[in-house]
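Indexing begins at 1, ligand by ligand and atom by atom, following the structure's order.
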Amino acid sequence: MITIREVSAYVGKEVTIGVWMYNKRSSGKIQFLQLRDGTGTIQGVLVRNQVAPEIWDEAKLLTMESSLYVTGTIRQDDRAPSGFELDVTSVKTIQVAEEYPIAKKEHGTDFLMDHRHLWIRSARQVAILRVRAEIIRAIQVFLDQNGFTLVDPPILTPSSCEGTTDLFHTKYFDEDAYLSQTGQLYAEAAAMALNRVYSFGPTFRAEKSKTRRHLIEFWMIEPEMAFVDHERSLEYQEQMLEFVAQSVLQNCPTELQTLERDISKLEKIKAPFPRITYDEAIELLHREGFEDIQWGEDFGSPHETKIAESFDKPVFITHYPTEIKSFYMKPDPERPEVVLCADLIAPEGYGEIIGGSQRIDDPELLVERYEEHSLSKETYAWYLDLRKYGSVPHSGFGLGLERTVAWICGLDHVRESIPFPRMLNRLYP
Ligand code: 4AD
Ligand code: MG
């Protein structure tokens, strides 16, 4: 048995493939079976007077999404979308499917989301999931080539990192526990052990935001680097994204075609990316009609989209006000009212895909921050230890996988960028 992906090596040979039928046309003398196996699609051609009558009749009973083993000879056919067709000699039904709920007609989003377990079989969703896998692979190759070691942080944690407003609470026997918002604090500990590390796993935010960029459960890649400052961290970020874009262009051309992605947009993702400071971003916004935004306020989606429009590559916004950023970020030594941080804003309105910073390495300043942010000294004692026993300058960043997938694939909404999205008011399927 082979898969459809491999048919080019079997031209003129008889093969058997395990498939689902996604469509069928019949002329009375010929049945055209549109077959998919997840690795590709191929048309099977069944000619009435060339097969046994029971084979013809069996094929006639096949409904949409029925499963079967199909046997036939591979023929090269330049008119076929895949370049090949299958002259069917035999079919062996595994199951005749019940009437398939996702028919050819247009469905609303709610209906599709309720049937996500079936929806992922469609050509477009298959293409997205393949690009997602390629993005993960490319990131891991890039980090591996640059000497990063994968470390797995815990999911159940005793504390928050990115603020307490969107924490998922649970009981841990008699203690309180929270689902991890980020692996960062643990990645920092690991960087002091292994130098360049990254974590890759699911993270959770009970955010009550219902936007096309927010998920409740999303995956993050978080590199953390000892002896690396803010500037050098930005270079890793832009090089990594260039590598990702080039890998997808090279390894997923058919998927990008299925998604009708404008390739020219992806070809522009080349390092270096432009950098502007938060102050410059505020000025830009004032010039572009957002007169109301004041220094010290955080950017919303419309602001990010407007800033991104001025560039045809992703853009770093650096040096945000200390007030609006996380407790662990290192202040700029020349201007302590801003921190050594950057958000990377993707083009085409996809918003922030990376958040990163240099971390505080001075134990005294960290203790001050604990007090300002009302963080318990006991809960965060271990994190302070990292600054007591051989503290070093270090930096890291977190890339949101689903936003990156949505951007690379050109999707309208992050809900299609993950197999089973967890969103506000959606836990099914
Ligand atoms: O900017 P964030 O909150 O940064 C951190 O969590 C840091 N601890 C990362 C680090 O320095 N190691 O989140 C990082 C990225 C965002 O830029 C965004 O791409 C993604 O995670 N993200 C979300 N993606 C989907 N749904 C959400 N609700 C997201 N929240 C953040
Ligand atoms: Mg952020």
### Query
Within 45° of the six-membered ring axis of Phe32 and under 6.0 Å from that ring's centre, is NZ or CZ of Arg25 located there?
yes

### Message
Out of the candidates Glu280, Glu238, Glu235, only one should pair with Arg275 under the salt bridge (charged side-chain N to carboxylate O under 4.0 Å, His left out) rule; please name it.
### Response
Glu238

### Message
Can you confirm if the NZ or CZ of Arg232 lies within 45° of the ring axis of Tyr236 and under 6.0 Å from the centre of its six-membered ring?
### Response
yes

### Query
In terms of ring plane angle, is the pair Tyr278 and Tyr320 parallel, tilted or perpendicular, where the classes change at 30° and 60°?
tilted

### Query
Does the pair Arg261/Glu348 count as a salt bridge with the N-to-O cut at 4.0 Å?
yes

### Pairs satisfying ring-ring contact (aromatic ring centres under 6.0 Å, His included), at least one member in residues 159-185, at least two apart
His169-Tyr178

### Query
Protein N, O or S atoms at less than 2.8 Å from the Mg ion (ligand 2), how many?
1

### Query
With hydrogens left out, which residues have an atom under 4.0 Å from ligand 1, given that only heavy atoms count?
Glu162, Thr182, Gln184, Arg205, Glu207, Arg213, His214, Leu215, Phe218, Met220, Glu222, Tyr328, Glu352, Ile353, Ile354, Gly355, Arg359, Gly396, Phe397, Gly398, Gly400, Arg403

### Pairs touching residues 92-101 that satisfy side chain to side chain donor-acceptor pair (under 3.5 Å), sequence neighbours left out
Glu58-Thr93

### Task
Determine, for Glu242 against Lys313, whether the closest basic-nitrogen to carboxylate-oxygen distance falls under 4.0 angstrom.
no

## Note on the structure
Separation between CD1 (Ile307) and CD1 (Ile282), nearest 0.5 Å, reads 7.5 Å

